Amino acid sequence: RRGGFPDIEALDSELFRLPGLVDYTARLEDGALRLEAVGAVTAQELEARAAALCPGLRVEARAVPAGADYRPGSRGKRCIA
């Protein structure tokens, strides 16, 4: 957890409430929280939920449907990289 940002458990709790979300990765990059998601969700849904946990932080998201070539985004303990 980095100062001022939500921990991964809080982000997981909020994002996995979205029906259709299969997996996601989160990175702090260039002053923004960047989310890459897989599942039947929209980037706007992800951004809105994450932004509520991170006031003042720019949130950028991308979502793609799960396909046959899907591989989990995280192995082992989850963290914001």
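Predicted model only: the values in this text are computed from it and were never measured.
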> Taking the side chain as everything from C-beta on, heavy atoms only, tell me whether Arg27 gets closer than 4.5 Å to Glu60.
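When only atoms from C-beta onward are counted, Glu60 and Arg27 do not touch, as no gap falls below 4.5 Å.
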> Does some side-chain heavy atom of Tyr24 sit less than 4.5 Å from a side-chain heavy atom of Leu15?
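Result yes, sub-4.5 Å side-chain heavy-atom pair found.
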> Which atom pair, heavy atoms only, marks the closest approach of Gly39 to Val22?
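Closest heavy-atom pair between Gly39 and Val22: CA-CG2, 3.9 Å.
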> If you look at every heavy atom in Arg17 and Ser13, which pair is closest and at what distance?
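Answer, listing the atom of Arg17 first, then Ser13: CG-O, 3.1 Å.
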> Within this structure, what is the CG-CG distance for the pair Leu35 and Leu21, rounded to the nearest 0.5 Å?
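The CG atom of Leu21 is 9.5 Å from CG of Leu35, to the nearest 0.5 Å.
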> Just distance, no hydrogens or angles: give the donor-acceptor pairs under 3.5 Å from side chains in residues 47-56, sequence neighbours left out.
| residue | atom | partner | partner atom | Å |
| --- | --- | --- | --- | --- |
| Glu47 | OE2 | Ala61 | N | 3.0 |
| Arg49 | NH1 | Glu14 | O | 3.4 |
| Arg49 | NH1 | Glu14 | OE2 | 3.3 |

> Surrounding CZ of Arg62 (heavy atoms of other residues, nucleotides or ligands, distance under 6.0 Å), is the total greater than 12?
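No, because the 6.0 Å sphere around CZ of Arg62 holds 12 heavy atoms or fewer from other groups.
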> Could you pull out the closest heavy-atom pair between Leu46 and Ala37, with the gap in Å?
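In terms of heavy atoms, the two residues are closest at CD1-CB, 3.4 Å.
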